[in-house]
Peer 1: 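Quick one: the structure is below, questions incoming.
The shown structure was predicted, so the numbers you read here are calculated from the model rather than taken from an experiment. Along the sequence shown, residues carry numbers from 1.
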Amino acid sequence: MAIQRTFSIIKPDATKKNLIGKIIAHFEAEGIRICAMKKIHMTRGQAEGFYAVHSERPFFGELCDFMSSGPCVVMVLEGENVILRNREIMGATNPADAAEGTLRKLYADSIGNNAVHGSDAPETAAVEINYFFNAFELH
């Protein structure tokens, strides 16, 4: 299997609860390399642009409000089959449905405040990485 890159966010609820280090430790324990990372505070406009694919969904406004409510950590993760592996580490979107030991089971409060985001496909990962990082920031 080839080495992939994917995009991940530690969302405002998790940063507010001071979980950044614990979440990063999960990735590193699984042999996933962080090749870019920065802490940002998304504007409402940035959140709307990032989540534009969901603009027609009823939760769009609430999602953008949440994502612009406080700092988050955006990261580029790298490793073998990392897109699928990251999604397994995160767990189901709804923490009530997430497997034991996953990030969302451990740290999420609700389906809306679910601690982390991860790309779902190589094409999505490329778009999401380029939304927050330029080539000089990727190591």
Peer 1: Output yes when a side-chain donor or acceptor of Tyr131 lies under 3.5 Å from a complementary backbone atom of Gln46, and no otherwise.
Peer 2: yes
Peer 1: Can you give me the closest heavy-atom contact between Arg5 and Leu138, atom names plus distance?
Peer 2: NH1-CB, 3.6 Å
Peer 1: First locate atom CG of Asn113, then atom OG of Ser69, and finally report the distance between them rounded to the nearest 0.5 Å.
Peer 2: 7.5 Å
Peer 1: Check the hydrophobic clustering (I, L, V, M, F, W, Y; side-chain heavy atoms under 4.5 Å; chains of links allowed) and say if Tyr107 and Ile20 are grouped together.
Peer 2: yes
Peer 1: Using a 6.0 Å cut-off, check whether atom NZ of Lys17 has over 12 heavy atoms from anything other than its own residue.
Peer 2: yes
Peer 1: Is there a chain of hydrophobic side chains (I, L, V, M, F, W, Y, each step under 4.5 Å between heavy atoms) that links Ile34 to Ile89?
Peer 2: yes
Peer 1: Less than 4.5 Å apart, any side-chain heavy atom of Leu19 and any of Ile10?
Peer 2: no
Peer 1: Report yes or no: does Arg87 contribute a side-chain atom to a donor-acceptor pair with the main-chain N or O of Gly118 at less than 3.5 Å?
Peer 2: yes
Peer 1: Is it possible for you to say whether Val82 and Phe27 belong to one hydrophobic cluster, with membership spreading through side-chain heavy-atom contacts below 4.5 Å?
Peer 2: yes
Peer 1: Please walk me through it: do Glu30 and Leu77 pass side chain to side chain contact (heavy atoms under 4.5 Å, CB included)?
Peer 2: CA-CA 11 Å; Glu30 292 293 324; Leu77 307 177; over 6 Å; no
Peer 1: Please report the C-alpha distance between Leu106 and His26 in whole Å, then the side-chain angles of each, then the deciding distance to 0.1 Å, and finally whether the side chain to side chain contact (heavy atoms under 4.5 Å, CB included) criterion is met.
Peer 2: CA-CA 11 Å; Leu106 292 168; His26 281 267; 3.5 Å; yes
Peer 1: Do you reckon Ile9 sits in the same ILVMFWY cluster as Ile83, going by side-chain contacts under 4.5 Å, direct or chained?
Peer 2: no
Peer 1: Side chain to side chain contact (heavy atoms under 4.5 Å, CB included) between Met75 and Ile24: does it pass, once the steps are laid out?
Peer 2: CA-CA 10 Å; Met75 299 179 286; Ile24 290 170; 4.1 Å; yes
Peer 1: Does any non-hydrogen side-chain atom of Met67 lie less than 4.5 Å from one of Phe50?
Peer 2: no
Peer 1: Between the main-chain N or O of Thr6 and the side-chain N or O of Ser119, is there a donor-acceptor pair closer than 3.5 Å?
Peer 2: no
Peer 1: Between atom CZ of Arg85 and atom CD1 of Ile32, what is the distance when rounded to the nearest 0.5 Å?
Peer 2: 4.5 Å
Peer 1: Tell me, yes or no, whether the heavy-atom count around Asn134 atom CG, taken from other residues, nucleotides or ligands under 6.0 Å, exceeds 12.
Peer 2: yes
Peer 1: Under a 4.5 Å cut-off applied to non-hydrogen side-chain atoms, are Gln4 and Asn81 in contact?
Peer 2: yes
Peer 1: Yes or no on side chain to side chain contact (heavy atoms under 4.5 Å, CB included) for Thr124 and Val53, after CA distance, side-chain angles and deciding distance?
Peer 2: CA-CA 11 Å; Thr124 310; Val53 66; over 6 Å; no
Peer 1: Supply the atom-to-atom distance Ile129 CD1 to Ser8 OG, rounded to the nearest 0.5 angstrom.
Peer 2: 10.5 Å
Peer 1: Looking at residues at least two apart in the chain, or sitting in another chain, which of them share a ring-ring contact (aromatic ring centres under 6.0 Å, His included) with His54?
Peer 2: Phe59
Peer 1: Only distances under 3.5 Å count here; give the side-chain donor-acceptor pairs of residues 97-104 to other protein atoms, sequence neighbours excluded, each with its distance to 0.1 Å.
Peer 2:
| from | atom 1 | to | atom 2 | distance (Å) |
| --- | --- | --- | --- | --- |
| Thr102 | OG1 | Ala99 | O | 2.7 |
| Thr102 | OG1 | Lys105 | N | 3.4 |
| Arg104 | NE | Asn114 | O | 3.3 |
| Arg104 | NH1 | Gly91 | O | 2.9 |
| Arg104 | NH2 | Val116 | O | 2.7 |

Peer 1: When you group the ILVMFWY residues by side-chain heavy-atom contacts below 4.5 Å and let the links chain together, are Phe60 and Phe66 in the same group?
Peer 2: yes
Peer 1: Among Lys16, His117, Met42, which residue satisfies the side chain to side chain contact (heavy atoms under 4.5 Å, CB included) criterion with Cys72?
Peer 2: Met42
Peer 1: Quick one: OG1 on Thr93 to CD1 on Ile111, what's the gap to the nearest 0.5 Å?
Peer 2: 6.5 Å
Peer 1: Looking at Phe133 and Met37, what are the two nearest heavy atoms and their distance?
Peer 2: CE2-N, 3.9 Å
Peer 1: Do the side chain of His41 and the main chain of Ser68 share a donor and acceptor less than 3.5 angstrom apart?
Peer 2: yes
Peer 1: My understanding is that only residues two or more places apart in sequence, or in another chain, count here; which of them pass side chain to side chain donor-acceptor pair (under 3.5 Å) with Arg33?
Peer 2: Glu78
Peer 1: What do you reckon, is CD of Glu62 surrounded by more than 12 foreign heavy atoms closer than 6.0 Å?
Peer 2: no
Peer 1: Between Phe7 and Phe132 (judged by ring centroids, cut-off 6.0 Å), do the two rings come close enough to count as a pair?
Peer 2: yes
Peer 1: Around atom NZ of Lys38, are there more than 12 heavy atoms from other residues, nucleotides or ligands closer than 6.0 Å?
Peer 2: yes
Peer 1: How far does CZ of Arg44 sit from CD of Glu48, to the nearest 0.5 angstrom?
Peer 2: 4.5 Å
